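Here's the structure, in structure tokens; my notes come after.
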2 protein chains.
Amino acid sequence: MSIAPVRSVSSVTPAPPRGRPRPPSGNAVTPTRTTRTTTSKPTTLRQVARAADVSMATVSRVLAGNYPVAPRTRQRVLRAVQELDYVANTHARALRGHATPTVALVLPDLRDEAVARIAQGVEEEATRNGRSCLIGTTRGDTERERTVLRAMRQNGAGAVILIGGGAQDPVHQEELAAIAASLAAAGSRLVLCGRPAPDDAMPATVVEYDNEGGAYAVVSRLLVQGHRRILFLGPATGSTTAAGRLAGYRRALADFDLPFRPELVVGGGLGRADARDRLARRLVGGSDFTAVFAVTDNAASGALAALREAGLRVPDDVSLVGYGDAECATDLLPQLTTVHVPYVELGRTAVRLALGLTEGSVSAADQRALLGTHVVLRDSTAPPPRRRPG
Amino acid sequence: MSIAPVRSVSSVTPAPPRGRPRPPSGNAVTPTRTTRTTTSKPTTLRQVARAADVSMATVSRVLAGNYPVAPRTRQRVLRAVQELDYVANTHARALRGHATPTVALVLPDLRDEAVARIAQGVEEEATRNGRSCLIGTTRGDTERERTVLRAMRQNGAGAVILIGGGAQDPVHQEELAAIAASLAAAGSRLVLCGRPAPDDAMPATVVEYDNEGGAYAVVSRLLVQGHRRILFLGPATGSTTAAGRLAGYRRALADFDLPFRPELVVGGGLGRADARDRLARRLVGGSDFTAVFAVTDNAASGALAALREAGLRVPDDVSLVGYGDAECATDLLPQLTTVHVPYVELGRTAVRLALGLTEGSVSAADQRALLGTHVVLRDSTAPPPRRRPG
DNA sequence: CTGTTAGCGCCTTCAT
DNA sequence: ATGAAGGCGCTAACAG
């Protein structure tokens, strides 16, 4: 309910320049630092060479360290490098063939917890392999997605990892396939991460997690505890993610010889507010279920609120499970039983596959990885009460 | 309590190569796509020129579009470009002076919600200005921080934005200052984001938010409601962030002519678990306060759990406020009154300052921006009960 | 309108 | 052990 009223307290303050003028700063910050205050262009190899009174080749060799150089010359060069604060120009180096291929990461929005986790994994594994990591966001806009992907390709990314490119739009899929092909032709590679492969013909590596299996496991858990009427809270269609979870739900029911009851599918979105509203409406006439399987932890959070408002205790009256093992899962009271998704590892794996670092790797052609999920048992489930509440 | 037991459900599956061999795929993905299946090097301008039977300069001009070219030739060139799937080499272009300077982003961990928000802001503003965005994580390791910063500098970043470089270590600060100077000398710039300037002599731009003011505002709010004994839940020292919030708390008290009572400072960390434990212990002998100011929303979440376990209702018995306006603030029941921090805008501003895009900008030297915070009123506060509970 | 030429900064043979 | 020279792919003068 209460959409937060907002009270402005302090306002934006484009601050004045620092109060006191920078003091002369008695000791130089770094002994060897010269006073190069002018905003100038970076030092070049040639300048270093001149300063050290050697040829450019020698400087290069000293820096590369893969060739014998007289100790005395080396010292001189090194000092000049220090003195001039020389740093090699990456572009020139790349041009010469010594490129450090970049790993490009394209994602909808970093504020999404799952996305952020994958991104963290990607970045870690990328730098672990000496690659730097370029990032671009799309806000879920398919057109922007293509633009960004192309930009990444142009930037010479050695691999492009796409998170959440699961748009159903067939046109977009074709474009994506074209980009993937183009990338492949340039010796790079497209990796789809965290979403099932959209098209079997797309020349892309796919890294996904056992979405359906996780749903199956957590619903089975409820069934084993004795629950027979389990609400599915979330969209039955639309996102492939939700569809997969529904599939797992249904398979679990089938394994227990229980019929699938469409009236136990509530629908709605993946978010908290929607879940809360939908469930609250569903609860007006009392509850005809003993457990709720929410498609996401956020939805579960909403469900918890709705249940509580309806006077139902969790897990005493109704059991509740979520999906994703988000931070909020442990913030809830009771702490939420949920399905853990190895997002960070997903990102790591994506990079490994993209770089061809997988042991026992298959052909250089398309590959695929499926990471396991597992149930995290917390406090939101219990056997169903003797008598149905409500 | 219940540290989640973990049940492994499905395991890691290095999947076999795709089942059916790629079908001939009746229609080519893209009409103009030629079959370049070999993982080769990207097409060069020269190849395009040869294919179109023109000089390299002409191709360049067609692509740049800033020079008249005969329509017929233009067509030929364009087709060749399509045909060969040509993409300009960024490095070569950069070398020639047409560099699109990169914005580098250095941060401890993307999984942190606040960090992710800042990062999102940085990325948005960077691409909005035609810059690509390089990212590197440090895990809070100061040495790694320096390494990453230097790497960014070497990568030719046009600006480097550092999130959370608030380590107290003076040695690190000096190193940082040196890097900042080096960056400045190369025509780039270091922007410290979301943390107060560590050293007044550091040649860096600083973007921060009104940390102390937010604390002052939210505590004032409690005081206005009639609360007189307000618990400060969080570290009193150590992090500058917490220190600033404590300062705001104290100033609010002072403005109400109330003494600062050290026994109302609970201590602990910024996280949820610690807050919960500390507060629970504090509550054994009953509560001697009517409100709690938690330094972070996570801490507030922990506090809520502890209060509930102690049989105290929020806000009926005890009011609770947090800081940061995290996602979880609305997930809690009751929804948490907290201080909103404009993290995304912080990131945006950092980029704008870094790129010198601020209107009415000051000298090119150090600048500083202070963004306002504001209280978000939700449901976790109320006037204190008549009689002190407990 | 188009082609030729000369580098951007670096690395790497090839000569000394 | 060091220097000179050529070229990575591209663009911007300068000719035609």
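Letters A, B, ... mirror the listed sequences (proteins, then strands); counts begin at 1. This structure is a prediction, so every number in the text was calculated from the model and none was measured.
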Is any side-chain heavy atom of [Y] closer than 4.5 Å to one of [X]?
| X | Y | result |
| --- | --- | --- |
| A/R352 | A/R348 | yes |
| A/I161 | A/V103 | yes |
| A/V81 | A/L63 | yes |
| A/Q47 | A/M56 | no |

Query - Reference residue B/V48; test side chain to side chain contact (heavy atoms under 4.5 Å, CB included); the match among B/T43, B/V62, B/V54, B/L78 - result: B/T43

Query raised in the report: Between B/R76 (CZ) and C/dC1 (P), how many Å, whole number?
Result: 14 Å

Query raised in the report: Who pairs with A/R61 by side chain to side chain contact (heavy atoms under 4.5 Å, CB included), at least two apart in sequence or on another chain?
Result: A/A57, A/Y67, A/V69

Report summary line: In short, the helix from C/dC1-D/dG16 to C/dT16-D/dA1 is bent end to end, axes from five pairs each side, to 10°, by 50°

**Report entry** For the student: nearest non-hydrogen atoms of A/A350 and A/V191, plus distance
**Finding:** CB-CG1, 3.8 Å

Report task. Verify the distance criterion only: is there a donor paired with an acceptor across the side chains of A/H172 and A/E145 at less than 3.5 Å? Result -> yes

Requested in this report: Heavy atoms under 4.0 Å is the rule here; annotate nucleotides 7-14 of chain C 5' to 3' with B where the base is hit, S where only the sugar-phosphate is, and - elsewhere.
Outcome: BBBBBBB-

